Amino acid sequence: MSRVLHRSGAIPPAAVGGEGIRLRLSDGRAVIDASGGAAVACLGHGNRRVAEAIARQAGAMAYAHTSTFSSEPAERLADLLLDGTPGGLTHAYFCSSGSEGTEAALKLARQYFVEVGQQQRTRFIARRQSYHGNTLGALAAGGNRMRRAPYEALLSPAFSHVSPCFAYRFKRNDESGAQYVNRLAEELEEEFRRLGPETVIAFIAEPVVGATAGCVAALPGYFERVRAVCDRHGALLVLDEVMCGMGRTGTTHAWEQEGVAPDIQVVGKGLGGGYQPIAGILVAGRIVAAIRGGSGGFTHGHTYQAHPVACAGALEVQRIIREDALVANVRRMGGRLEQALTERLGNHPHIGDIRGRGLFWAIEFVADRASRAVFDPALRVNERVKRAVLAEGAAIYPMGGTIDGRQGDHVIVAPPYIVTEDEIAEIVDRVGRGVEAALAGVGRG
Ligand SMILES: Cc1ncc(COP(=O)(O)O)c(C=O)c1O
């Protein structure tokens, strides 16, 4: 019996230790953490430097309220992240989860327009098949139908949704990539028109859609078009990089590969690598200036915002990523991972697409490759694959509802940034064996 409210009735095995890319379970098994949990554990497990930095800060000064005090770790973490003013981002607000980060982004965007005298802006446009968190504001922004369903009645009508840029599923055969991007930009423009462009606060999107659709990068030019639509109508662009950011896709920020920069960026997961619960927003100077010149401060806050111990952990994680040039390793090992996954599984009759960037890869399963028909959701193919891969000694991240929140299956492979070439081979071997075993049995109960 467990008194912890686990996701399902079953008690999952306990993880008791970890070193490098491996986790050790209470029954003695060692499992490769091939997805870093949900693309979190960017440095792997058991990093002594990070553990010691956390212990040092906890011993020196664990907590002081941010209404009265700052802390050295929060100041240094913001300095490090904003060094060189990336994309015009000048300030950081730290919180404890990606969902809190999204809430802060939504509220700051709204407050900005209140400060500059545009109170009529009350709407957000987001995308279907996206995820921005599970608190009610973030859930309303998200387009993950499955996660929204029980709570629809509680979700704010301030949010509306347009199509994702998801070429494998939604680009028509009779249109080029550029035509598809054009169609999506026009759809966004039309949504601004429908709402009244002067009522829109921001467009919010994940530069590379994470768990909901499975590592879906936009086609070239998409985000430039989106940025132009937002600019034309005076709306902000909020990019949610909780999953795809902080180096995961091969650049510190995923937007660097899109030729645009956001007005507000949400970061999480890889920021602290799982050593502490920490996330945050990075904010453009003009937004901070408007607030400083108006009411003076962000009307928002949490008890544990900019928690010194969490910031100390994240600061050490980020220092190590820079000192060890780990984002370059993400690019190098990402290339290996793509190649190995494609060689091993690219011709499998039940694999429709292998896609991703950096060390952020998804495998999408289909009943039939030619028609891209999905498996019956009742078969829970993604769960079966997860279980079979775990039986082979690797943990990956499964998800159903790839296409519309109900149909489609994929799994995510997102190893820590420290992964080596030999470990990539070992991961792909285990994933390959698990996938083959799970799919061989599909449909036969
Ligand atoms: C893109 C994105 N945004 C927001 C969140 C919410 O983060 P958290 O689970 O830390 O609240 C997630 C979590 O998976 C995410 O992937």
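Source: prediction; values computed, not measured. For the single chain, residues carry numbers from 1 onward in sequence order. Atoms within each ligand, like the ligands themselves, are counted from 1 in listed order.
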Answer yes when R76 and E72 have at least one side-chain N-carboxylate O distance shorter than 4.0 Å, and no when they do not.
-> yes
Within the 4.0 Å heavy-atom cut-off around ligand 1, the contacting residues, ordered by chain and number, are S97, G98, S99, Y131, H132, G133, E206, D240, V242, M243, K269
R357/E258 ion pair, N-O < 4.0 Å:
yes
salt_bridge(R372, E364) N-O dist < 4.0 Å: no
message = Would R123 pass as a cation-pi partner of F159, given that its NZ or CZ must be under 6.0 Å from the six-membered ring centre and within 45 degrees of the axis?
response = no
Give every donor-acceptor pair under 3.5 Å between a side-chain atom in residues 105-115 and any protein atom, sequence neighbours left out.
| from | atom 1 | to | atom 2 | distance (Å) |
| --- | --- | --- | --- | --- |
| K107 | NZ | H300 | ND1 | 3.1 |
| R110 | NH1 | Q119 | O | 2.8 |
| R110 | NH1 | R121 | O | 2.6 |
| Q111 | OE1 | T299 | N | 2.8 |
| Q111 | NE2 | E115 | OE2 | 2.8 |
| Q111 | NE2 | S295 | OG | 3.4 |
| Q111 | NE2 | G297 | O | 2.8 |
| Y112 | OH | R286 | NH1 | 3.3 |
| E115 | OE1 | S295 | N | 2.7 |
| E115 | OE2 | S295 | OG | 2.4 |

Exercise. Thinking salt bridges, do R22 and E426 make one under a 4.0 Å N-O criterion?
Worked result: yes
